[in-house]
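Below is one structure, written out as structure tokens; the observations come after it.
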Number of protein chains: 2
Amino acid sequence: MAERRSATIKDVAAAAGVGIATVSRVFSGTGSASAATRERVLAAARELDYRPSALGRGLKLRRSGGIGLVVPDVTDPFCAEVVAGVLACARTLGGHVIVDAAHGDPSREAEIVDRLVEQRVDGIIALPAGEEADWRAAARVCSSVVFADRVLPGLADVPSVLADDAGGVRSLTEYLAGLGHRRIGFLGGAPGRPRGVRERAFRDTLAQLGVPVEEDLVVAARPARDAAYAAAAGLLQRRADVTAVLAAGHLLGEAAVLVARELDLRVPADVSIAMMDDVAWAELCDPPLTAVARPGHDIGYRACELLLREPARRGRGGPVLLPTELVVRGSCGPLRSARR
Amino acid sequence: MAERRSATIKDVAAAAGVGIATVSRVFSGTGSASAATRERVLAAARELDYRPSALGRGLKLRRSGGIGLVVPDVTDPFCAEVVAGVLACARTLGGHVIVDAAHGDPSREAEIVDRLVEQRVDGIIALPAGEEADWRAAARVCSSVVFADRVLPGLADVPSVLADDAGGVRSLTEYLAGLGHRRIGFLGGAPGRPRGVRERAFRDTLAQLGVPVEEDLVVAARPARDAAYAAAAGLLQRRADVTAVLAAGHLLGEAAVLVARELDLRVPADVSIAMMDDVAWAELCDPPLTAVARPGHDIGYRACELLLREPARRGRGGPVLLPTELVVRGSCGPLRSARR
DNA sequence: CTGAAAGCGCTAACAT
DNA sequence: ATGTTAGCGCTTTCAG
């Protein structure tokens with residue numbers, strides 16, 4: 001059983017008694033070929049177990065037919081949704097997807113992009129976390145870049161697909177306020193990060209409702225479990241009078257649930273909890289958590305579509321904004337009385 | 001601002017006043033080059049913003065330097081862990097990863113593998129779900145295949161990295177039995193699927209413990225939310241006398257929790273629940289769920305290592321078996337009395 | 001230490 | 001409709 005290297009287009013041509021161009025035509029669908037020839041070619045290919053080399057084709061076409069996808073972390077449920085969306089779209093469009101995770105490290109992100117460029121991907125979809133300068137460079141050297149879920153402040157010209165986070169936070173805030181809550185704690189992302197839109201939406205909505213914003217109730221944490229927990233614990237311990245907590249992400253929500261339990265606070269009797277990101281466990285919690293669902297799958301799908309299918313429409317008219325949905329469950333109740 | 005196509009090795013050679021072979025040597029690290037020349041080349045490359053084309057290199061080397069990763073579903077928390085592990089390892093080894101999801105569809109899986117072969121990946125890591133024949137063909141045509149987390153019965157010669165599922169189920173079963181439970185419901189995977197090892201471990205352990213196995217308590221479900229729910233509901237309604245449920249996967253565990261709540265069963269007072277897969281929500285549940293942690297990240301990492309780093313040791317001595325860990329929380333209690 | 005030259009497998013004119 | 005040819009960007013002998 002000889003370890004034969006895989007057959008090339010030349011082998012197939014020879015076996016079928018035709019020129020290599022004909023084989024190429026048959027396989028790329030381009031051009032014409034008589035039914036008879038086509039059959040002979042296909043038969044020869046099958047016989048030889050021939051697979052066209054994407055490397056050869058790519059070199060000639062100067063593009064690989066694949067795209068790069070850069071996320072912070074594939075194990076994050078929301079990121080995973082986005083990845084799934086991209087895969088679904090890429091599949092229908094016939095391209096492959098090179099995925100990598102930057103874990104919030106800008107230098108690592110830059111390195112990933114470098115590698116993707118070397119691979120000659122047709123485009124890059126990113127949930128960016130790194131330096132604007134790096135991405136500016138990437139956008140210049142790479143054929144096309146699309147941001148998903150988040151953007152970089154200084155790169156407004158890069159097309160993007162986002163969830164309407166501001167709208168989501170607004171509906172959550174209004175919901176909580178409508179229940180009578182006035183001292184609402186806000187667990188947000190790290191300062192300076194794009195998460196800023198969430199915090200701004202919180203403040204704005206409260207202002208519109210005529211509820212004064214207490215700076216003490218607005219806290220920020222790095223997007224990591226420990227930081228989220230520390231932030232939630234700090235808030236709930238420092239201000240025993242908060243009657244509701246709005247967590248701006250599922251990690252923060254998780255932290256809030258854990259801290260509330262640790263502090264023996266009943267939910268929602270003692271404190272109401274609501275969060276952004278309607279992840280799977282929201283329904284498994286006791287009580288199930290009220291949350292705002294963000295269309296991760298759609299974001300990924302649309303971003304991929306934007307990249308591969310509508311290079312023309314890209315960037316026209318600012319970011320694509322996808323709606324969120326408030327899912328009311330049992331974790332929020334009407335204001336009763338201060339905890340102490 | 002002209003839209004210039006990216007610089008090639010030729011451009012760099014010209015700019016640096018050297019031959020293309022020298023540029024190649026400098027960039028691939030191979031061969032020798034005087035410090036001075038090296039500097040000139042690097043400077044020219046930087047000036048031209050040159051990125052070596054993986055396509056050119058790949059064509060010459062007849063391999064892309066990347067690997068393919070085929071999973072059932074990237075949004076599954078366990079799969080996501082495996083993906084993360086593969087990415088981590090591939091990164092240290094300098095290769096990229098093409099990821100795709102087959103969603104349990106054999107034909108789709110076969111198509112993905114076809115595409116990966118066309119991309120000339122250096123190897124494929126798969127959590128296989130499809131036909132043995134397809135994978136047999138893949139293993140033949142592709143340089144190398146490694147199975148992760150699960151195997152195909154007829155393909156024992158394909159190297160694999162697995163969690164010690166049998167051991168995990170055994171410890172869970174012993175734990176439950178040790179608590180006094182005798183009528184333990186088993187929620188397992190679809191019949192005929194590799195999940196069979198879990199069910200067998202359950203039966204064996206019970207037998208060893210001298211506890212009779214009631215067929216009626218062992219049910220199987222497709223790995224989907226609705227099927228899992230139906231199975232759990234069926235079991236708990238049909239047999240009001242089960243005092244404990246062992247869910248062989250996190251979807252099944254989720255279903256058990258939901259059904260128990262629906263049926264107003266208190267956990268663990270009325271029914272104890274334990275499951276395989278220590279996913280994030282296990283700790284958020286109320287009560288937190290006792291579970292067996294399976295090392296998804298390690299499985300991915302080791303599989304990748306096996307593929308890229310130890311082509312020699314592959315397959316030697318059967319599957320690599322990674323240990324699991326029983327994480328006891330509050331969802332299981334001592335046997336008290338029948339529910340009715 | 002360095003350059004010239006021969007392809008790797010494929011596509012796209014351009015002939016025929 | 002089909003064959004011939006010229007590269008795509010790179011690595012790698014083989015000379016010098």
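Every chain is numbered from 1 and lettered A, B, ... according to where its sequence line falls, protein lines coming before strand lines.
The side chain of B/Thr22 places an N or O atom within less than 4.0 Å of a non-bridging phosphate oxygen (OP1 or OP2) of C/dG3. Within the structure, every side-chain polar atom (N or O) of A/Thr30 is placed at least 4.0 Å from both OP1 and OP2 of C/dT11. Under 4.0 angstrom from either OP1 or OP2 of D/dG9 there lies no side-chain N or O belonging to B/Ser24. Residue B/Thr37 has a polar side-chain atom (N or O) positioned under 4.0 Å from OP1 or OP2 of C/dT2.
Under the side-chain contact (heavy atoms from CB on, under 4.5 Å) criterion, A/Leu322 pairs with A/Val161, A/Pro295, A/Asp298, A/Ile299, A/Arg302, A/Val320, not counting sequence neighbours.
Counting non-hydrogen atoms under 4.0 angstrom, B/Val23 reaches nothing in the nucleic acid. Residue contacts shown for A/Ile9 include a base, since a base heavy atom lies under 4.0 Å away.
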Could you list all N or O pairs between the protein and nucleotides 5-8 of chain D that sit under 3.5 Å apart?
from: D/dG7; atom 1: N2; to: A/Lys60; atom 2: NZ; distance (Å): 3.3
from: D/dC8; atom 1: O3'; to: A/Arg62; atom 2: NH2; distance (Å): 3.2
from: D/dC8; atom 1: O2; to: A/Lys60; atom 2: N; distance (Å): 3.2

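Atom pair B/Leu48:CG and D/dG9:P shows a separation of 13 Å (rounding to whole Å applied). In this structure, the CZ atom of A/Arg38 is 11 Å from the P atom of D/dA1, given to the nearest Å. If you take CZ of A/Phe27 and P of C/dA12, they are 16 Å apart, rounded to a whole angstrom.
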A/Arg25/A/Thr22 under side chain to side chain contact (heavy atoms under 4.5 Å, CB included): CA gap, chis, key distance, verdict: CA-CA 5 Å; A/Arg25 285 188 195 104; A/Thr22 300; 3.8 Å; yes

Side chain to side chain contact (heavy atoms under 4.5 Å, CB included) evaluation trace for A/Arg120 with B/Arg51: CA-CA 9 Å; A/Arg120 298 296 189 265; B/Arg51 318 293 181 109; 3.9 Å; yes

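No side-chain donor-acceptor contact under 3.5 Å links B/Gln119 to the backbone of B/Ser64. Side-chain atoms of A/Asp122 do not come within 3.5 Å of backbone N or O of A/Ile67 as any donor-acceptor pair.
In this structure, B/Glu81 does not pair ionically with B/Arg294, as no charged nitrogen and carboxylate oxygen lie closer than 4.0 Å.
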